[in-house]
Amino acid sequence: MTANRVSLVQKLGDDGPLRSLTVEPDGRWECDDCAGDGVTSTGSLDAEQVQRLQRLLADPRLAQETDQVRKYRATCIDALTSSLLTTTGLITSQDCPGEERPAVAGEILLLLTQATPAEPTR
């Protein structure tokens, strides 16, 4: 299995600040403004989280969840938009009623938001 880097970019509504998280293949992460406080924080995923993240990033189903394949268009106003940038492509979801997150990308988002200051909802 090849280790992959992943990035998460989040924005609340049209005017919200851009929050970004980058996780290196070894689990080190850096988060810019993740808590909305302008602070850059760093840390590391534990070994189990790194293995789980790399398994999810290597999941062949992820390729079917990209914005291009799903023909994704943001539909909510003032929602938290989360975009994962993976080697398979960009995968966007919004925290709005009725929208289902893609399965594998949703698991990646959950893992990243549980292990770092990034937030899954606003």
Side-chain angles (χ1 to χ4, degrees):
M1 171 171 54
T2 307
N4 294 305
R5 172 189 223 203
V6 64
S7 296
L8 168 65
V9 177
Q10 295 181 309
K11 187 172 182 180
L12 181 59
D14 287 336
D15 302 326
L18 205 56
R19 304 183 285 192
S20 66
L21 168 71
T22 301
V23 182
E24 298 296 335
D26 65 3
R28 287 177 299 118
W29 57 263
E30 181 172 297
C31 201
D32 294 325
D33 199 27
C34 276
D37 54 7
V39 172
T40 297
S41 51
T42 59
S44 278
L45 303 178
D46 65 33
E48 183 181 315
Q49 291 168 326
V50 171
Q51 287 179 344
R52 185 166 163 237
L53 177 61
Q54 291 304 325
R55 272 195 313 271
L56 289 167
L57 289 170
D59 190 316
R61 295 175 298 167
L62 196 60
Q64 298 305 308
E65 295 181 357
T66 64
D67 291 0
Q68 184 176 4
V69 171
R70 294 184 301 143
K71 297 182 178 14
Y72 183 82
R73 290 202 334 237
T75 55
C76 294
I77 298 171
D78 291 332
L80 178 64
T81 302
S82 298
S83 298
L84 287 168
L85 182 57
T86 70
T87 55
T88 58
L90 185 66
I91 303 166
T92 304
S93 61
Q94 286 190 300
D95 176 35
C96 51
E99 180 169 320
E100 287 190 33
R101 285 197 174 105
V104 179
E107 285 187 53
I108 293 170
L109 182 61
L110 185 62
L111 172 65
L112 295 180
T113 56
Q114 287 176 340
T116 71
E119 298 177 29
T121 61
R122 56 179 172 154

Calculate, to the nearest 0.5 Å, the distance between atoms [atom1] and [atom2] belonging to [X] and [Y] respectively.
| X | Y | atom1 | atom2 | result |
| --- | --- | --- | --- | --- |
| Ile108 | Arg52 | CD1 | CZ | 9.5 Å |
| Glu100 | Ser93 | CD | OG | 11.5 Å |
| Glu24 | Leu45 | CD | CG | 11.0 Å |
| Gln114 | Leu109 | CD | CG | 9.5 Å |
| Lys11 | Ser83 | NZ | OG | 11.0 Å |
| Leu56 | Asn4 | CG | CG | 11.5 Å |

Shortest non-hydrogen contact from [X] toward [Y]:
| X | Y | value |
| --- | --- | --- |
| Ser41 | Pro117 | OG-CG, 3.4 Å |
| Val69 | Ala63 | CG2-O, 3.4 Å |
| Ala105 | Leu62 | N-CD1, 3.9 Å |
| Ala118 | Gln10 | CB-OE1, 4.1 Å |

Given Leu57 and Thr87, is the side-chain contact (heavy atoms from CB on, under 4.5 Å) satisfied, shown in steps?
CA-CA 8 Å; Leu57 289 170; Thr87 55; over 6 Å; no
CZ of Arg70: more than 12 outside heavy atoms within 6.0 angstrom?
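Atom CZ in Arg70 is crowded, with more than 12 foreign heavy atoms closer than 6.0 Å.
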Is it the case that atom CD in Glu99 sees more than 12 heavy atoms from other parts of the structure closer than 6.0 Å?
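Yes - once you tally the heavy atoms of other residues, nucleotides and ligands closer than 6.0 Å, there are more than 12.
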How far apart are the C-alpha atoms of Val104 and Ile91, what are their side-chain angles, what is the distance that settles it, and do they pass the side-chain contact (heavy atoms from CB on, under 4.5 Å) test?
CA-CA 10 Å; Val104 179; Ile91 303 166; over 6 Å; no
Check against side-chain contact (heavy atoms from CB on, under 4.5 Å), Leu18 and Val9:
CA-CA 7 Å; Leu18 205 56; Val9 177; 3.5 Å; yes
Between the main-chain N or O of [Y] and the side-chain N or O of [X], is there a donor-acceptor pair closer than 3.5 Å?
| X | Y | value |
| --- | --- | --- |
| Glu65 | Ala103 | yes |
| Gln94 | Ala79 | no |
| Gln49 | Asp46 | yes |
| Asp95 | Leu80 | no |

Can you confirm whether Val50 sits close enough to Asp26 that some side-chain heavy atom of one is under 4.5 Å from a side-chain heavy atom of the other?
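No, their side chains stay 4.5 Å or more apart.
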Do Thr42 and Arg28 come within less than 4.5 Å of each other through their side chains, counting heavy atoms only?
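Side-chain contact under 4.5 Å: no.
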Thr116 and its side-chain contact (heavy atoms from CB on, under 4.5 Å) partner, picked from Leu111, Leu21, Leu8
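It is Leu21; the other options fail the test.
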Can you tell me which residue among Leu85, Thr86, Val23, Leu112 is in a side-chain contact (heavy atoms from CB on, under 4.5 Å) with Ser7?
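In the set Leu85, Thr86, Val23, Leu112, the residue that makes a side-chain contact (heavy atoms from CB on, under 4.5 Å) with Ser7 is Leu85.
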